J.: 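Here it is: the structure, laid out below.
These numbers come from a predicted model, not from an experiment. In the text below, chain A, chain B and the rest are named by the order of the sequence lines, each starting its count at 1.
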There are 2 protein chains.
Amino acid sequence: MEAKEILRQYISKIVLLSDEQFEYVFSHFKPLTFKKGQVIISEGDQVDCEYFVVSGCLKTFFINDEIKMYILQFSMPTWWTSDYNALYNDTKATINVDCITDAEVLCISNKDREKICSEIHQIEHFFRWRTNKGYVASQKRLLSFMNNDAKKRYEELLALYPQLYNLVPKHLIAAYLGVSRETLSRLYSSH
Amino acid sequence: MEAKEILRQYISKIVLLSDEQFEYVFSHFKPLTFKKGQVIISEGDQVDCEYFVVSGCLKTFFINDEIKMYILQFSMPTWWTSDYNALYNDTKATINVDCITDAEVLCISNKDREKICSEIHQIEHFFRWRTNKGYVASQKRLLSFMNNDAKKRYEELLALYPQLYNLVPKHLIAAYLGVSRETLSRLYSSH
DNA sequence: TTGCTTACGTGACCTACATCACATTCTAAA
DNA sequence: TTTAGAATGTGATGTAGGTCACGTAAGCAA
């Protein structure tokens with residue numbers, strides 16, 4: 001299925017748009033393709049856009065003291081990502097986004113998102129819904145961090161995204177769980 | 001200043017409403033007062049409302065195995081709280097909200113929020129803005145958890161909310177930081 | 001093929017923090 | 001004012017997970 005159709009179906013699960021309205025909305029998105037390893041946002045960049053994943057897998061991550069990487073999110077098809085802090089507050093990026101696999105995305109600028117949100121009430125509703133969902137997911141993840149040890153978080157992740165196990169290298173899974181790759185290796189060899 | 005005026009000023013920083021519009025919006029909020037220690041949402045409850053804090057301080061927390069408490073958020077004036085997972089997905093509460101001090105809040109039902117959001121585009125915009133802010137704050141907190149040790153998180157918290165140090169008991173600050181009260185005590189005695 | 005880089009496993013040791021135990025305040029109700 | 005229950009400090013000890021070190025295997029370019 002092509003990008004346009006995927007976005008259409010995704011939005012139509014939440015709000016009803018006429019064909020003309022959707023065409024208009026879609027005209028603000030720019031399709032982009034990336035190769036495995038390509039960087040989309042890197043620390044210090046001016047951030048203008050957010051990204052809707054059509055195919056492939058991105059990672060959104062933070063690098064501490066030029067050494068340690070922490071992955072905030074793996075973005076699979078129909079997920080959105082960006083450095084939202086930088087995007088909303090018009091500051092330089094503090095986090096990075098790049099491609100774990102070849103990927104197709106749809107990109108929309110902050111300005112255009114705000115424009116279509118103010119022009120089409122239903123679209124504003126859609127983006128509110130989407131951010132709500134992200135907020136709840138982020139709170140859940142925070143709770144899991146406070147409450148669970150590495151092993152439980154690992155099992156949680158695999159239950160949620162079984163595909164990840166074969167799709168992404170183990171050291172990236174470790175960076176998502178917030179443990180060292182050595183610890184992760186010990187976790188699943190004991191299991 | 002009274003509750004109504006505080007809400008008005010808070011909303012007007014983001015969107016412009018006519019007096020009639022604001023009156024209409026405000027008519028959907030119910031003012032409530034609580035005593036220190038009173039419970040607002042408790043695990044297992046049906047969750048119908050979210051709460052805007054006018055005065056006082058609430059805590060939003062999770063209790064693990066009936067033993068350990070993790071505080072997701074302290075809610076000071078102009079903050080919002082609820083069990084948003086339960087509220088949006090119409091499931092039973094898994095987290096709790098109660099009062100650290102006497103508190104005044106404004107309460108709005110999920111139904112009424114959705115109603116005024118669909119009736120007044122500007123209000124939908126306001127709630128989208130608010131959730132964005134919450135999402136970014138939640139991501140920052142997650143990153144801080146992954147990246148910093150307890151001492152750094154403690155200093156971060158005090159820098160962000162200096163009032164908290166005298167307002168809330170130390171074991172609650174520990175529960176927010178995700179460390180034991182003993183560890184917290186050692187942290188600031190060494191500092 | 002040869003080499004080079006990245007991924008991954010595993011042992012030895014270290015550290016931040018938890019847990020338990022007990023003492024000392026503080027606070028609010030009787 | 002008395003007193004029971006919270007809140008807090010602090011020592012002793014246990015442990016999850018980090019760090020360092022080294023080895024093997026797998027992918028990839030020349």
J.: Write down the distance between NZ (B/K36) and P (C/dA28), rounded to a whole number of angstrom.
T.: 6 Å
J.: Would you kindly give the NZ-to-P distance between A/K68 and D/dG18, to the nearest whole Å?
T.: 7 Å
J.: Grab the CZ-P distance between B/R153 and C/dA16 for me, whole Å please.
T.: 14 Å
J.: Are A/I11 and A/F22 side-chain neighbours, meaning at least one heavy-atom pair lies under 4.5 Å?
T.: yes
J.: So if I take residues 168-182 of chain A and measure heavy-atom distances to DNA chain C, which residues fall below 4.0 Å?
T.: A/P169, A/K170, A/H171, A/R181, A/E182
J.: Supply the atom-to-atom distance A/W129 CH2 to A/Q122 CD, rounded to the nearest 0.5 angstrom.
T.: 13.5 Å
J.: Which whole-number value in Å describes the distance from B/R186 CZ to C/dA18 C1'?
T.: 9 Å
J.: Whole-Å distance between D/dA16 C1' and A/L184 CG?
T.: 14 Å
J.: Between A/T183 and B/N148, just flag the one whose closest nucleotide in DNA chain C comes earlier from the 5' side.
T.: A/T183
J.: Please state how far atom CG in B/D149 lies from atom C1' in D/dT19, giving the value in whole angstrom units.
T.: 16 Å
J.: Is the number of heavy atoms from other residues, nucleotides or ligands under 6.0 Å of B/L16 CG greater than 12?
T.: no
J.: Can you tell me the distance, in whole Å, between the CG atom of B/L187 and the P atom of D/dT10?
T.: 13 Å
J.: May I ask you to check whether A/Y10 and A/W79 place their ring centers less than 6.0 Å from one another?
T.: no
J.: Rounded to the Å, how far apart are A/I100 CD1 and C/dA7 P?
T.: 11 Å
J.: Is the gap between the ring centers of B/Y176 and B/F74 under 6.0 Å?
T.: yes
J.: Among C/dA18, D/dT10, C/dG9, which nucleotide has an atom closest to any side-chain atom of A/Y188?
T.: C/dG9
J.: Would a distance-only check, ignoring hydrogens and angles, find a side-chain to backbone donor-acceptor pair under 3.5 Å from A/Q21 to A/S18?
T.: yes
